[in-house]
Structure formats: C-alpha cells, structure tokens
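To start, the structure under review is shown below, and the notes come after it.
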Amino acid sequence: MTDETSGSTVPRRQLGRLLTQLREDASVSLDSAAEGLDCSRQKVWRIEKGLVPVRVVDARAMCEMYRVPAEMTSIVAGLAKETRAKGWWHSYGEVVPSWFSLYVGLESSASTLRQYDAELIPGLLQTREYAAELFRRKNPTMSGAEREKLVEVRMQRQHVLVRRLPSAPTLKVVLSEAVLRRTIPDRPAMAGQLRHLLDMAALPNVSLRVLPFTAGPPLASETGTFVMLGFPQAFGRASTEPTTVYLENITGALYLDKPAEVAAYDRVWADLETLAPDEAASEKLIKAIIEERA
C-alpha cells in the first residue's frame, strides 16, 4: 500500500489542518518547519494536506517547534496515533486506488451524503450484477478475481446505510431519468436493479428522487456527477471535518472543501431539489419504467 492509503482519512485531514494552523500562528514557514524536522518541504506539505499518516514523534517535534502548550500537544499526539489506524477497505489491496481509498474513508465517517448522477446508478445503490457489468466494461484486461474484489468493495461499502453504530448516514440522491433508462445488456438484471432502488428508497435514511426529462436542464448539467459529504460535529477535537464535494473521473478525483466551492455546489443541489418531483412521484416513475420493460 502507498502512504496515501495506509492511514485513517478523517484524523489525517483534521491533524493536517490543525498543524497548519499551529505553524501559521507561530509564524513558521514550510521551509523552516522542514529544516527543523530535518525532512523535505514536501513531507511537511503532505502532512498538512492529510495525505499521509503521522508518527507521534514527528507530531510532538512540530508542536515543540511551534511552541504549542502541553494540552494542545496531547490533542495533536492523540490525532497522530489515529492517523495510523487502517480502514476495512485496506484488506482488498491494490485494487482500491489511493484516490478512492480517501473517498471511502470520508464516506464511512459522513453523517450526510448528497449525490447527483446523470449517467449511472450510484455505487451505494447498485446490485451485484449491475456493479459487475460496470467493472467488466471499465477494466476489460483485469482478471475475474480482481474484478470480483472491486465488486466486493462496492457491496461492503453499502453496509454504511444500515449500520447501527455509529448511526447510518442520511443519503439523498437525485438521478436523471436517463440513468433508469440506460440499461445493461442483462435486461432481467437491470429490472432487478430498478426494483432494488425501490427497496433502498424505503429505508428511513434514504431519499431517492428522479429528475424527469421534462424538467429541463438543471444547473448540474454543468457539474456532472458529484457527491457532497457532511460530517458530524466533533467532540473534544480541534476541528470538525468540513463539508467536502467529491468529483470523480476515470483517472482520479477532486476533493473540494473551500467555503466558496461548497456554496457553489449547495446552489446546484438546491436547484435539483426544486426541479425534481418528490419521493412518491419518483417511485411512481421507477415503477412505470419497470412495467415498460416487463
């Protein structure tokens, strides 16, 4: 595993933000911090961006350099220990790329998930057959065993929606009608996928709405698929994980958490909620499409 996937996502990001704040409060530059730690500037930058786990000895050395009080040093050291914990997805090895491992860590810590998709059923709502077909098309040269690992990761991720502790997150999904009409070659499997959507939408923490063709183009036409992850308030921590927008492409992903970026996607989401019919009307549309395919 690379460094990017060898630790716990949220504590890494929290510790990175805290260490950045402490360094800036002490008026210490990145270069000076690197010199004091006898390491590269890149290493300090990667720690502050939450990209790598942090050794407790390095965290304490940074606190000493930044003249941090003992109580805050204990908080920093505690977070550093947490950055080295591993999530369940690491047992699947290299089939989970580092950029996606970061997302799975955030997803498992989120209290709210808002997702728009114009092309595919979201991973948290996919059946095994639908997911297997997507991975077959996306990774035609990959061995069957490796593809099955990818399917298993996707199925394992779905447990987040029914877990008891911590409480399952609230999932709000808006799908373009095109997603429901774009069938996979196995037509019975596609019918099963649509029925599965209805089953998942019946969960108390899941809201599923369909944006019909007749609604016209939403603001999301310019953004494409996105997920907005909200996090619970931190207790006894230096900071709460900020709302993060996740944008995925074929080779990697973007994680946006600046207030202006999040505000822009909040507006896009509000537009989707204005245009999309409610859950009952959406359920009716899904059932109508299932009937058409019968």
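Side chains included, hydrogens not; waters and symmetry mates left out as well; all remaining heavy atoms used.
The heavy-atom pair separating Leu275 from Ala215 by the smallest distance is CD2-O, 4.0 Å. In terms of heavy atoms, Met62 sits closest to Val44 at CE-CG1, 4.2 Å. Between Leu219 and Asp271, the closest heavy-atom pair is N-OD2, 2.9 Å. The two atoms that bring Met200 and Val206 nearest to each other are O-CB, 3.3 Å, heavy atoms only. Here the closest non-hydrogen pair linking Met190 and Val179 is CE-O, 4.0 Å. Between Ala168 and Asn205 the shortest heavy-atom distance is CB-ND2, 3.6 Å.
The shortest distance between side-chain heavy atoms of Lys138 and Leu150 does not fall below 4.5 Å. Val173 is not listed as a side-chain neighbour of Asp117, based on a closest heavy-atom distance of 4.5 Å or more. Contact of the Arg163 side chain with the Pro169 side chain is registered, since non-hydrogen atoms from C-beta on lie closer than 4.5 Å. Side-chain atoms of Arg55 and Arg84, non-hydrogen and from C-beta on, do get closer than 4.5 Å to each other. Here the side chains of Met72 and Leu22 are in contact, with some heavy-atom distance below 4.5 Å. No side-chain heavy atom of Val262 sits under 4.5 Å from any side-chain heavy atom of Pro242. Between Arg181 and Phe213 there is a side-chain heavy-atom pair separated by less than 4.5 Å. Side-chain contact check for Gln115 versus Leu124: every heavy-atom pair is 4.5 Å or farther apart.
Val76 and Val56 fall into different hydrophobic clusters, where Ile, Leu, Val, Met, Phe, Trp and Tyr are joined by side-chain heavy atoms under 4.5 Å apart, directly or via other members. Residues Leu229 and Tyr116 do not share a hydrophobic cluster, clusters being chains of Ile/Leu/Val/Met/Phe/Trp/Tyr side chains in contact below 4.5 Å. Taking hydrophobic clusters as Ile, Leu, Val, Met, Phe, Trp and Tyr residues chained together by side-chain heavy-atom distances below 4.5 Å, Val54 shares a cluster with Ile75. Val68 and Leu30 fall within a single hydrophobic cluster, where Ile, Leu, Val, Met, Phe, Trp and Tyr side chains are chained together by heavy-atom contacts under 4.5 Å. Hydrophobic clustering (side-chain heavy atoms under 4.5 Å, transitive across Ile, Leu, Val, Met, Phe, Trp, Tyr) groups Tyr66 together with Trp45.
Note: Tyr265 and Phe226 have perpendicular aromatic rings, judged against thresholds of 30 and 60 degrees for the angle between ring planes. Between Tyr255 and Tyr246, the ring planes are tilted. Angles from 30° to 60° get that label.
When the shell of 6.0 Å around CD of Glu35 is examined, it contains 12 or fewer heavy atoms from other residues, nucleotides or ligands. Atom CG of Asp38 has 12 or fewer heavy atoms from other residues, nucleotides or ligands within 6.0 Å. Counted within 6.0 Å of CD on Gln42, heavy atoms from surrounding residues, nucleotides or ligands total more than 12; the atom is thus considered enclosed. Within a 6.0 Å radius of CD in Glu222, other residues, nucleotides and ligands contribute 12 heavy atoms or fewer.
Interatomic distance, His196 NE2 to Arg128 CZ, rounded to the nearest 0.5 Å: 11.5 Å. Taking CD1 of Ile47 as the reference point, atom CZ of Arg23 lies at 11.5 Å (rounded to 0.5 Å). Between atom NZ of residue Lys43 and atom CG of residue Asp58 there is a gap of 4.0 Å, rounded to the nearest 0.5 Å. Separation of atoms CG (Leu15) and NZ (Lys81) is listed at 13.0 Å; rounding is to 0.5 Å. To the nearest 0.5 angstrom, Glu146 atom CD is 14.5 Å from Tyr92 atom OH. Here the CE-NZ distance, from Met228 to Lys172, works out to 11.5 Å after rounding to the nearest 0.5 Å.
Side chain of Gln126 to main chain of Ile121: a donor-acceptor pair is present (N/O by atom type, distance under 3.5 Å, no hydrogens or angles). Although no hydrogens or angles enter the test, the distance criterion places no donor-acceptor pair under 3.5 Å between the side chain of Glu119 and the main chain of Ser176. Gln158 contributes a side-chain N or O that, together with a main-chain N or O of Gly123, makes up a donor-acceptor pair within less than 3.5 Å. Asp186 places a side-chain N or O within 3.5 Å of a backbone atom of Ala189 that can act as its donor or acceptor partner. With hydrogens and angles ignored, the 3.5 Å screen pairs a side-chain donor or acceptor of Arg209 with a backbone N or O of Glu273.
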Does Leu106 form a side-chain contact (heavy atoms from CB on, under 4.5 Å) with Glu241? I'd like the steps, not just the answer.
CA-CA 9 Å; Leu106 291 174; Glu241 188 69 12; 3.8 Å; yes
In sequence, state the C-alpha distance, the side-chain angles, and the governing distance for Glu248 and Phe100, and then conclude on side-chain contact (heavy atoms from CB on, under 4.5 Å).
CA-CA 9 Å; Glu248 184 179 315; Phe100 190 65; 3.9 Å; yes
Would you check, one step at a time, whether the test side-chain contact (heavy atoms from CB on, under 4.5 Å) holds for Arg46 with Arg12?
CA-CA 10 Å; Arg46 286 160 72 79; Arg12 285 200 324 243; over 6 Å; no
For Leu208 and Ile286: C-alpha separation, side-chain torsions, deciding distance, then whether side-chain contact (heavy atoms from CB on, under 4.5 Å) applies.
CA-CA 10 Å; Leu208 175 61; Ile286 295 171; 3.8 Å; yes
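Using a cut-off of 4.0 Å between Lys/Arg side-chain N and Asp/Glu carboxylate O, Asp278 and Lys284 are scored as not salt-bridged. Remark: Arg147 does not engage Glu133 in a salt bridge, criterion side-chain N to carboxylate O under 4.0 Å. Checked for salt-bridge contact, Arg60 and Glu64 miss the test: no charged N lies under 4.0 Å from a carboxylate O.
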